[in-house]
Each structure stands twice: as structure tokens, then as C-alpha cells.
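Lettering of chains follows the sequences in order, A, B, ..., and the numbering in each one begins at 1.
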Number of protein chains: 2
Amino acid sequence: MIAIDKVRYVGEDVAGVAAVDEETALEALDLIKVDYEPLSAVFDPEEAMKEGAPLIHEQYPSNINIHVHIEVGDVEEAFAKADLVREDTFKAAGEAYATLEPYAVVASYANGYLDLWVPNAGPHVRAKALSNLLKIPLNKVRVRHINIGGHFGSRSEVSPGDLVTSLLSIKTGRPVKLVLTREENATCTRQVHDIKTTIKTGVKKDGTILAKEFRVIYDGGAYSSTGPIATSIPYYVYEEAYRFKNVRYNGYRIITNKGIRGMYGAHGRAFLCGNEMQLDMIAQELGMDPMDIRLKNGIKVGEETATKSVIISGGLEEPIRQAAEHAKWKDKSCQLKEGQGIGMGCVAIMCGFPMGFRSGSACYVKLNDDGQATIVTGIVDTGMGNESMAVQIASEVLGIPVSDINIVNADTEATNLDPGAYSQAAAFVGGNAVKRACEEAKGQILTIASEKMNHPVEDLDLKDRMVISKSDPSKTMPMRWIVREAFFRGKPITGTGAYMPKIDFQREWVKRPFGQMAGTYSFGCSVAEVTVDKETGQIRIPRFVAAHDCGNPINTMAVEGQIEGSVVQAGVGVIMEENKWSDGWLLNPDFLEYKVPLACDSPEIEPVIVCSNDPEGPFGAKEGGLTTRMNAYSAVACAVHKAFGVPFNEFPLTPDRVLKALDAAKKGGKS
Amino acid sequence: MIAIDKVRYVGEDVAGVAAVDEETALEALDLIKVDYEPLSAVFDPEEAMKEGAPLIHEQYPSNINIHVHIEVGDVEEAFAKADLVREDTFKAAGEAYATLEPYAVVASYANGYLDLWVPNAGPHVRAKALSNLLKIPLNKVRVRHINIGGHFGSRSEVSPGDLVTSLLSIKTGRPVKLVLTREENATCTRQVHDIKTTIKTGVKKDGTILAKEFRVIYDGGAYSSTGPIATSIPYYVYEEAYRFKNVRYNGYRIITNKGIRGMYGAHGRAFLCGNEMQLDMIAQELGMDPMDIRLKNGIKVGEETATKSVIISGGLEEPIRQAAEHAKWKDKSCQLKEGQGIGMGCVAIMCGFPMGFRSGSACYVKLNDDGQATIVTGIVDTGMGNESMAVQIASEVLGIPVSDINIVNADTEATNLDPGAYSQAAAFVGGNAVKRACEEAKGQILTIASEKMNHPVEDLDLKDRMVISKSDPSKTMPMRWIVREAFFRGKPITGTGAYMPKIDFQREWVKRPFGQMAGTYSFGCSVAEVTVDKETGQIRIPRFVAAHDCGNPINTMAVEGQIEGSVVQAGVGVIMEENKWSDGWLLNPDFLEYKVPLACDSPEIEPVIVCSNDPEGPFGAKEGGLTTRMNAYSAVACAVHKAFGVPFNEFPLTPDRVLKALDAAKKGGKS
């Protein structure tokens with residue numbers, strides 16, 4: 001958390017200062033003199049793996065932070081049987097999280113109790129980490145999520161700022177606030193992994209994938225962060241979409257003397273763009289439509305992924321068909337002029353994640369004396385509408401409008417466990433807990449109502465703030481009366497509910513990556529249309545169709561909003577976003593130098609919501625949005641490839657890279 | 001809340017101003033010019049009742065705010081049968097609440113939701129009042145109690161400051177903070193009623209009380225406040241202590257052009273001191289020991305009060321016997337020198353109060369993954385240790401130390417209903433809800449433990465963070481394991497519990513004052529020793545014994561602390577505390593002019609805890625402290641009376657009043 005003896009990257013915390021005001025703190029900072037003895041450094045992960053490279057941490061030989069090895073079936077034999085084998089290498093620069101709000105925290109310690117106000121994705125996980133770090137019992141650490149100005153994976157884990165403000169508050173007995181500058185936020189928090197991947201695919205003539213082999217190098221920067229998880233996620237979201245029987249994955253996360261890399265909402269673009277683009281090249285060689293090779297290999301309900309996760313709803317076929325239909329795929333594919341392209345990207349995403357008992361969520365609901373309700377849940381909303389989702393579920397069960405429901409959430413003290421805003425668990429896991437808690441409360445209401453109305457409980461329901469007879473809707477009683485009656489009886493209406501996704505838990509799941517990884521999976525297919533200016537290398541994305549199987553949308557507008565945001569962040573981001581480094585210095589830590597998509601860069605987006613009514617999800621819901629985030633860039637990459645039939649091996653697809661690839665193709669002939 | 005057209009007292013709110021800083025706000029205040037047309041005013045309640053007195057509110061003829069009439073048995077007949085009848089009149093000035101913290105509030109309104117941070121005794125009641133006042137739905141008003149610098153009854157009801165800051169926040173969309181000055185706190189919030197009472201008592205020769213008649217005039221100031229309740233409370237706490245078969249009570253609360261009066265922790269000192277002093281005079285005439293006349297008439301378990309409340313535990317006898325024993329009553333009474341006195345005061349207090357469904361409390365408990373617990377309860381702690389009490393009850397049930405238990409409380413959003421810190425309901429009502437919630441959680445733990453330990457559930461208990469076999473204490477399992485197991489099973493350990501005291505609810509209970517008023521009652525007897533300097537009129541209180549039946553003390557130190565605070569506030573307060581008025585102006589609104597007891601004024605206090613193990617109370621507990629607050633002053637008054645055998649009819653017993661009474665007695669002979 002704080003450098004001791006050795007500083008490993010530019011931006012690493014070396015000291016903390018608190019003062020009565022900012023001016024005094026800055027003055028105090030100036031008085032701190034650190035003597036640095038320059039050590040040899042290494043910035044490129046492949047260099048870092050070589051013998052003789054400086055060892056950044058003693059405990060990681062060859063600077064390998066983690067090596068994830070997955071092997072299923074007989075890969076060599078399968079390649080031998082293949083009619084066609086391709087091997088390609090792809091590279092992508094890492095992105096900035098580009099949250100509009102920089103990292104900020106207030107820590108307040110008093111009477112042995114630490115209270116942390118911090119915009120973050122997982123209060124419970126953060127509290128546990130702080131408890132360990134500070135050696136304070138877990139029940140004396142309270143973490144509250146407050147409104148957040150952007151997350152995208154960057155607010156997942158405990159930060160040095162959390163620790164430093166906590167320590168300073170413990171020392172001073174006063175609340176301590178820290179707000180990073182834009183530049184500090186870029187250099188001192190987290191960035192996204194640079195990735196280089198070699199992908200080998202063997203197929204039959206009919207397009208059936210027989211074998212896959214992946215070697216992926218992740219530039220992890222100077223520390224672990226959420227990197228160990230990040231090292232396998234791109235593989236999983238790909239095997240969840242396509243049927244592989246024989247596969248070998250070697251993922252290496254390498255320590256370098258650069259800023260620390262973590263999980264990102266659209267993690268792994270070299271891997272996912274590369275795989276989808278290679279699939280297009282294979283289809284081209286086989287004379288197949290890229291859509292058809294995806295349909296042929298797309299995973300279906302009831303099938304298992306390579307590593308033995310069973311798919312219980314959705315599947316890739318329906319999103320592909322609907323995306324193709326809305327995008328007029330067949331027609332447009334045939335009518336492309338020079339410099340025009342259309343591309344398709346597919347992926348599937350886990351909803352929920354193996355975190356032991358922290359994978360589950362629990363909710364408490366109380367009915368207030370005016371017949372309104374408060375739900376108390378750990379669900380965290382980092383901008384995607386999770387709070388509204390929870391309130392809407394409660395509203396549906398309790399038969400009262402959303403305006404009648406308040407939410408207390410994302411506070412480790414007042415609320416029960418919840419996995420947090422990672423791994424798309426909010427609706428599927430947290431939503432289920434809310435639904436169950438409200439159903440318990442509903443049961444109590446109907447039991448009293450049955451007695452008061454002298455009517456069988458099975459024929460009663462809740463609707464429009466009333467208890468209502470299902471068979472005779474003229475028989476009603478205000479729900480508020482029942483709630484008050486319960487108070488008078490000394491048994492207020494309350495409900496508790498919990499949900500634990502059916503995960504085949506493995507404590508060492510990173511190293512033994514087999515079994516049911518998540519309760520369910522979302523599927524998606526994106527289709528992008530692009531035009532590429534061969535003189536300037538400039539890409540435009542006039543139209544984008546994103547078909548997303550979210551199970552059943554709790555809030556259609558919110559899901560569409562997530563899809564649209566995902567398309568802009570990843571689909572447009574893939575033509576412009578990149579962190580640039582020189583000798584361990586981040587060259588573009590602000591928004592003048594780091595280009596993020598603006599409204600004027602946005603394509604016309606058509607979100608297509610595919611319903612699969614998940615049997616486990618609350619009202620059939622799964623996750624909404626991330627699937628699109630992880631296939632929007634491959635759709636664009638495939639479309640750009642299509643425009644000239646020229647392969648691109650480096651991302652983002654900035655004009656210089658486009659021109660370089662067109663130039664190389666002109667010299668060497670089309671791929 | 002804010003004067004419209006007519007200002008009725010000095011200190012009434014006429015306008016509200018918010019500004020970016022205090023200086024600007026004060027400047028803006030200076031720019032407000034109010035044209036006042038002087039109206040005729042009335043400051044004395046008896047004057048106010050006379051024909052032709054200015055009518056302060058149209059709706060209160062003769063300025064009578066409320067008239068409480070209670071009549072039981074045949075009062076005239078009983079007086080006719082009495083061997084001795086006495087009638088005396090007593091007066092007492094009202095006190096200041098003298099909270100060390102002045103009234104303060106922060107209101108923050110955003111998105112239709114009002115959030116109020118205010119040190120207060122009843123968040124739920126306050127939220128309801130604000131919802132009514134502002135016409136905002138109840139579930140859009142959140143009131144949070146924060147740490148408080150004194151309550152004593154003054155933080156019970158919604159205040160003009162709550163409304164003004166809320167309105168200003170609604171207008172500005174920004175949080176608004178108001179902190180009153182010491183003087184504003186005295187004049188603009190609440191004071192205690194001035195009281196004048198005439199008491200007529202008829203007894204048999206053996207001391208049995210046959211008949212009681214009371215006429216009480218309460219000076220209510222300009223508005224109702226909690227006054228309608230205050231008009232009957234002194235009577236009730238007296239009839240709960242003594243057996244009356246024939247009684248008539250006429251209580252009049254009169255509106256005057258003075259600051260508003262409300263309920264006070266030691267409410268009704270003229271009434272209670274008068275009654276107890278008159279009882280001593282009667283005992284003297286009958287040649288009885290004052291203790292014996294109290295024992296003869298003291299109410300016992302199983303008896304009913306005059307207005308039909310059944311006493312389920314305690315009774316007056318044991319507190320009297322224990323106080324007398326600890327104070328060496330018999331010996332000391334015989335050994336008094338001139339100017340020395342010893343006196344006894346008794347009272348009983350309701351635990352809980354008829355407030356409809358708001359009389360009940362509900363609690364939620366969750367076990368956290370480290371085996372620790374959080375209780376979520378509406379219980380309000382205004383300094384008496386209610387939070388510790390709740391935590392200790394949870395600790396006892398769950399078998400984990402108090403350091404393992406956190407509390408989230410006194411917040412209308414996060415917590416369920418609770419009556420608040422009035423009417424001594426916290427332990428008896430709120431504590432019962434905590435106990436039941438924890439018992440539910442305990443049941444869940446033992447059920448899983450029984451399965452894991454392969455041991456019958458009936459033989460299991462929780463102790464020292466372990467599940468333990470009752471018959472074989474070597475068979476144990478860490479409770480934390482069970483809690484985690486429950487998380488893994490997707491059914492976290494949680495419990496809900498509620499308690500509604502057995503009150504015979506009457507919506508119009510102020511006007512129809514019969515039936516079970518509270519679930520149970522606490523009893524107490526205080527014995528004070530005094531010395532009175534006949535030259536200076538100065539009273540000293542060297543020693544004080546307070547025997548208090550609190551059922552069973554959850555926290556002995558806290559109960560003793562409450563008893564000690566009560567003795568100082570009321571027992572010492574009765575010789576010095578008074579608000580002084582002139583033509584509607586409060587003359588002593590600060591601590592330079594208003595004298596409160598200091599440490600140096602405190603007697604040596606011996607708290608005696610009497611246990612009656614209430615059958616309904618949690619672990620037998622009732623209230624702790626208020627009983628002493630309401631009999632400490634009568635003990636001192638009786639002791640001062642005893643010192644010279646001279647009656648005192650006006651309180652507080654300041655040196656000038658003492659000298660005046662001694663002087664009058666010298667002229668007119670002893671009473």
C-alpha cells in the first residue's frame with residue numbers, strides 16, 4: 001500500500017500528510033525530502049520475463065505475477081484433425097478508467113471505530129481488506145459507498161488512499177479527507193492491462209472449431225491489484241460464448257515498473273478483438289458468412305462450457321439472429337463499398353462470481369406505518385441503476401408504486417452481505433434477495449388480510465396499495481390497514497431474504513479453474529457498421545446494433561442506457577483510447593491528452609433486448625450491459641477488418657495504425 | 001410553528017433566513033423590519049382564566065388549553081367519613097431544561113426527500129409531524145437522532161427550527177444548519193410549567209387515605225406543545241404509588257403570553273412535593289412516622305391504581321424499606337438537632353406510554369461473517385445508556401461480548417418503529433424487541449449447530465462465542481463457523497423481533513383516562529438529609545439515599561449513574577432552579593443567571609437498586625432513573641419541612657423563601 005525501502009513505479013505512495021487545510025498540507029509535503037537511489041527498471045513485460053531482467057518483487061521469479069493454465073481435451077490431436085489452422089498475434093494498449101470523478105475518500109476514526117465514506121463498488125470486500133491491513137476487528141470498520149462519478153472496475157479494491165486517510169485519522173482522531181487530482185488519479189490509482197496474445201485456432205471445413213490455443217501476456221504494472229482475476233477473465237467470457245472441446249490457455253500476468261493494472265469493464269480487448277477477427281479470417285478462408293460460423297459454434301442452453309459451467313438460459317443463437325435482423329446483416333454484407341465494413345462480435349458474461357460466502361446477498365425489508373416500505377440491502381449502485389432495480393423488484397412484489405419505497409444500501413454496518421458492483425451480480429444475486437425478503441413480507445400481509453377480510457389467503461394478492469381478491473377484484477382492503485394492524489399486534493411486517501448463486505465454490509478457483517463459475521450467463525451479439533477513410537485512416541461508426549440477452553429487463557430504459565454507454569465506451573473507445581508510456585511515465589494522465597469518446601463520436605445505436613427469462617433470475621433477470629461492453633469493440637474491429645479485408649493486429653485502431661496496416665497490406669498483398 | 005399575524009410570546013419565530021455564512025445571515029436578519037402593534041397580554045394563569053382577560057387563542061375560551069378531569073369513587077362521602085382532612089396550596093416556579101447543548105439541526109432536501117440530522121428523543125414521532133407540516137409523504141422524511149447534549153423532555157417534539165430549516169432547504173436545495181444561542185435556546189424552545197396546586201386529603205386515624213382532591217393550574221405559556229400530556233402526568237405518577245379509592249383531579253393548563261412549556265423529566269414538583277409534604281403534616285398530626293403512613297398507603301403488586309392500571313411487579317413497600325434501612329431512617333429521625341431534617345419521597349413511573357402503534361418497538365439483528373452482530377433498532381439514547389442496554393441484551397442472548405456487537409439506531413429510514421426516549425420505554429419496550437430478535441437469530445444458529453455437531457438442539461446454548469452443550473461443556477463449536485455456514489447455505493443468520501406493551505389503548509386517553517396506561521411501573525423511595533441554616537436560609541444536603549425498583553438492572557453502573565444524575569438534577573435543583581419572568585420576559589435565559597446544581601452542590605449519594613424481576617421486562621428490566629428524579633425533590637422538601645416543622649408552600653426552596661417561611665412561622669406559630 002505504501003512503498004517501503006523500494007519504489008516500484010511512478011505514482012507509488014511514499015508518505016502521507018494531513019493538515020488543517022489544503023494549503024498547509026501542500027506546504028508540509030514540500031518539506032518532505034526523499035532520497036531516491038535509481039534502480040534498474042523494466043517496462044516491457046516480455047523483457048521482464050527474460051533471464052537477467054531486474055526482479056521487481058523477490059517472490060515473483062521472472063517477474064511472473066501469476067500464470068493461469070487451463071487445459072481441456074487433447075489439443076494436439078484436435079489440431080492434427082483440423083482442416084484449417086490459423087495462428088495470429090494481437091496487441092492492445094491498456095486504457096484509462098477515465099472516471100469523471102477522481103478517487104476521493106473521507107476516513108473518520110473514533111473510539112476504536114473506523115468509518116469510511118468512499119465511492120466504491122464493494123463496501124464489504126473493502127471493509128474486510130481494511131480490517132486485515134489495520135488489524136482492527138472487522139466489526140469496527142464501517143465502509144459506506146456514496147454517490148460515485150464512475151467505476152468501470154477502478155473502484156473495486158481497497159486503495160492506498162483508504163489506508164493513508166485511515167492511518168492519519170487514527171493518529172489525529174479527526175476525520176481526514178483525500179481527493180486526488182486528475183493526474184494523480186491516473187498515475188496513482190489503477191489502469192487497464194496492456195495485452196499481447198497469440199491465438200491458434202483449428203477448424204473443420206464446415207467451420208466447427210476443433211481446437212483453440214491461447215498464450216496471453218498481461219502487463220500488470222508494479223503490483224497484483226485485481227490482476228490475478230484479470231488474467232483469466234477474457235478467456236472465460238469467450239469460452240462461455242463458444243463451444244470448445246479442446247483448448248489450452250496460458251495467461252501470464254507480468255510485473256513491470258509501471259502503474260498498477262486492474263479489472264476493467266471491457267477487459268481484454270486484444271484477446272477478444274483478436275479472437276473475433278481471426279474467426280472472420282477463418283470464415284473468409286472457408287467461404288462462410290461470419291454470422292454462420294458464430295451460429296455454428298455458439299453455445300446453447302443446457303450445454304457446458306469447456307471448464308464445466310452449465311448454461312441455464314439464453315445461448316448465443318438468439319442474440320446473433322436478432323442483431324443480424326435489426327442490422328440487416330445479410331443485405332448490408334453484400335452491398336459494401338470500398339472502405340465500408342460491417343462486423344459482428346459475440347461474448348457471454350457471468351452473472352455473479354465465486355467469492356465464497358461473499359458471492360451471496362441478503363436483504364431486509366420493513367413496512368412502515370404509512371404502508372410504504374424500506375429495503376435494506378448491500379446492493380451497490382455505481383451508476384447503472386441497481387438501486388432502482390432493487391426498488392422496482394420490491395414494488396412488483398409488494399404491489400406498491402416505486403415512489404412508496406426507499407432504499408438503505410451499500411453500508412457495511414446497516415446492511416447485510418452483498419458481493420458489490422462487480423461481476424454483474426446486482427440484479428441476479430442482490431435482486432433475488434430483495435425479491436425473497438419482500439415475498440416474506442407479502443406473506444405476512446396476506447395472512448393478516450385473509451383473517452380481516454375473511455377470505456382464503458391463496459386467493460389474495462397485492463396490487464395498487466391494496467390487498468385484492470384474485471377471483472373477485474371488487475373485494476379489496478387497503479394494505480396500509482394491514483400494516484398498521486400488524487404494528488398494533490406487536491408484530492410489524494418485516495421480511496428477510498437471501499440468495500446464494502449456485503456456484504461450485506473452489507477457494508483456489510484461480511488455479512483450479514473448473515466447475516460452475518457463476519449462477520447464470522448473459523449473451524450478446526453486436527453488429528457495427530464502419531467507414532474507413534483510406535487517405536486519413538479515420539474511422540467512423542455510423543450505426544451500431546447491440547442485441548443483449550439480459551434474461552428479462554427489470555428496467556428497460558436502464559438496460560438500454562447500459563447498452564448505449566457500453567457501445568460508446570468500448571465500441572468507440574477501440575478506435576481512440578490508449579494509455580501512452582515512456583520509461584515508466586504515463587504520458588497522457590489527463591483529458592487533454594487522453595481522448596475519450598464524446599457525444600459527437602457516438603454512432604446511431606439500436607439496443608435490442610433479447611429475453612430468455614432466466615429460471616433462477618428475479619422475474620427472469622440477468623445482467624444488463626457488460627456483455628455489450630465486451631463485444632462492442634470486437635464488432636468494430638471486425639467491421640474495420642471487413643472494410644478492406646486487411647488484418648489489424650494492434651489496438652486501438654487509431655488513424656496511424658490504420659494507415660500503417662493498409663500500407664503493409666498494399667506492400668504484402670491482402671491477408 | 002411560525003407566528004402568523006399575531007405574536008404570542010417573546011421568542012416566537014416570525015421569519016427565517018438562510019445565507020452562505022453566519023455573518024451574511026445576521027446581516028440579512030437586520031434588514032427584516034417587523035411592525036408590531038402591541039396587544040394586551042396576560043402573564044399569570046389565574047388572571048388569564050378570569051372573565052375579560054385577553055383571549056390568546058380564539059379556540060381556547062378562558063385561555064384554558066386543556067382541562068383534565070378524573071373522578072373515581074365518591075369523594076364527598078369519603079371526606080365526610082375521614083377523621084382528619086387537610087387542605088394546602090403549593091406553588092412552584094418552572095425550571096429551564098438547562099441542556100448543555102442548545103437546540104441544533106441540519107436539514108437537507110434533495111429530490112423530494114428531506115433528511116434531518118437533529119439530536120432528539122423521538123425520530124419517528126418527529127418525522128410524522130414534519131410530514132404532516134410540510135405535506136411531504138412520511139417515507140420522504142428521514143429523521144436521524146445524533147449525539148445529544150441533554151434532553152430531559154426538551155427534545156421530544158418537532159420544533160419551529162426543524163420546520164424553518166426544512167423550508168429553507170426546500171427553497172435553496174442546499175443543506176441548512178441552525179444552532180441556537182444559549183439565550184435563544186431558553187426563550188425560543190421550551191421551558192417547564194409553573195404550577196399551583198391545592199391538595200385536599202382525608203385520612204382515617206390509622207393513616208389510611210380515604211379521599212384525595214386536587215386542583216392544579218399549569219402555566220402553559222403561549223402554545224400547547226406537550227402540555228396536554230403534562231397536565232395529567234403528575235397525577236398519574238402519584239396514583240401509581242399510592243392506593244386511592246376516592247379521588248377527584250382537576251388539572252387546568254392555561255395559555256399565557258410566555259414561552260411555551262412542555263414535559264420535563266422531573267415534571268410537577270409543586271404537586272409532588274406538596275403531596276408528600278402534606279402527607280408528612282398528616283402523619284405529624286396523627287403521631288405517625290412518615291415512613292409508616294407511606295407503607296400503609298403504598299400500592300402493592302396485583303393491585304390496581306385508581307384509574308385501573310394493574311401493577312405487575314414491584315410495589316412501593318420494598319423501596320421504602322430498603323431506603324429506610326440504608327438511610328438509617330428510624331435512628332436518624334430520632335436524633336435530629338435543630339435545623340437538621342430527614343425526609344422521604346415516593347413515586348411510581350410508567351414504563352411505556354399509550355401512543356397507539358407507536359408504543360411498540362421492532363428490532364432487526366444480523367450476524368456478520370466474523371461471528372459478530374449488528375442490531376438495527378429505533379431505540380434512542382439521549383445520554384442514559386440505552387444503546388449500551390440494547391447491546392448488552394443482545395450480548396446476553398447471543399453469547400458474544402459487547403465488543404462484538406454494533407448498533408445502528410434512531411434513524412427513521414434504517415430502523416423500524418420505536419417509541420423513542422420518552423416515557424421510560426427503552427429497556428422495557430425496545431429491550432424486549434432486541435431480545436426477541438436475538439432469540440430468533442440464536443434459534444437459527446442452534447438449529448444449524450445441532451446438525452453440524454450431531455447433538456440435540458435442546459441441549460445446546462451460546463456462550464463465549466461458542467456453541468456449547470449444556471450437559472457436556474467440552475462439546476463446543478465456534479459460533480463463527482455456524483454463521484459462515486449459514487452464509488454459504490444462502491441463509492445468513494438474521495432475526496427480527498418486536499414488542500408491544502400490554503396497554504389498553506384509548507385514542508382519546510387524555511380525556512378518558514381509564515385503563516392500563518403502561519405495560520409496567522417502576523417504584524422508588526428517596527431519603528434526603530438536610531441542614532438548614534436559620535440565619536442565611538441556606539440548605540445543604542449532606543446525604544441522600546435513593547432506592548429504586550428498576551426490575552433488574554441490565555447495566556448496574558448505568559442505573560446508578562441515572563439515579564445520581566436524578567438526585568442532583570431534582571433533589572438539588574429543588575433548592576435553586578427556577579425561571580424568573582417579568583411581563584413575559586424570561587429574566588435568566590443563561591447560565592450566569594440561571595443556577596444549576598454543580599458538582600460541589602451534590603450530596604453524598606447512595607443508590608440502592610431494588611430488584612423486582614418484572615415478568616414482562618427483558619431479563620426482568622423496567623426503567624432506571626426517572627422514578628428517583630420524581631421523588632428526589634419531595635424527599636428534600638420533606639426533609640426541609642422536618643428541620644423546623646415549618647411548612648413551605650413555594651418552590652424552589654431558595655434562601656429567601658426559607659427565611660420568609662421561618663419568619664412567618666415565628667409570627668404565626670408552627671404548622
The interface call for B:Thr412 against chain A, heavy-atom contacts under 4.5 Å, is backbone
Side chain from CB out, backbone as N, CA, C, O: work out which of these in B:Thr415 comes under 4.5 Å of a heavy atom of chain A, or both, or neither. backbone
With respect to A:Glu413, which candidate in B:Asn406, B:Ile407, B:Val376 satisfies the side-chain contact (heavy atoms from CB on, under 4.5 Å) definition? B:Asn406
[X], [atom1]: over 12 other non-hydrogen atoms inside 6.0 angstrom:
X        : atom1 : result
B:Trp481 : CH2   : no
B:Asp21  : CG    : yes
B:Arg174 : CZ    : no

Which heavy atom of [X] sits nearest to which heavy atom of [Y], and what is that distance?
X        : Y        : answer
B:Leu138 : A:Asp370 : CB-OD2, 3.1 Å
B:Ala498 : A:Gly490 : CB-O, 3.1 Å
A:Pro492 : B:Asn416 : CB-ND2, 4.2 Å

Flag the one option from A:Asp411, A:Leu367, A:Leu417, A:Ile405 with the top tally of heavy-atom pairs under 4.5 Å to chain B. A:Leu417
Using 30° and 60° as the class limits, which term best fits the ring planes of A:Phe357 and B:Phe488: parallel, tilted or perpendicular? perpendicular
Below 30° counts as parallel, above 60° as perpendicular, anything between as tilted: where do the rings of A:Tyr364 and B:Tyr364 land? parallel
The interface call for A:Arg436 against chain B, heavy-atom contacts under 4.5 Å, is neither
For residues A:Arg358 and B:Asp369, determine if any side-chain heavy atom of one lies less than 4.5 Å from a side-chain heavy atom of the other. yes
If only atom types and distance count, is the side chain of B:Asn139 paired as donor or acceptor with the main-chain N or O of A:Ser403 below 3.5 Å? yes
Rounded to the nearest 0.5 Å, what separation is found between the CZ atom of A:Arg142 and the OG1 atom of B:Thr374? 8.5 Å
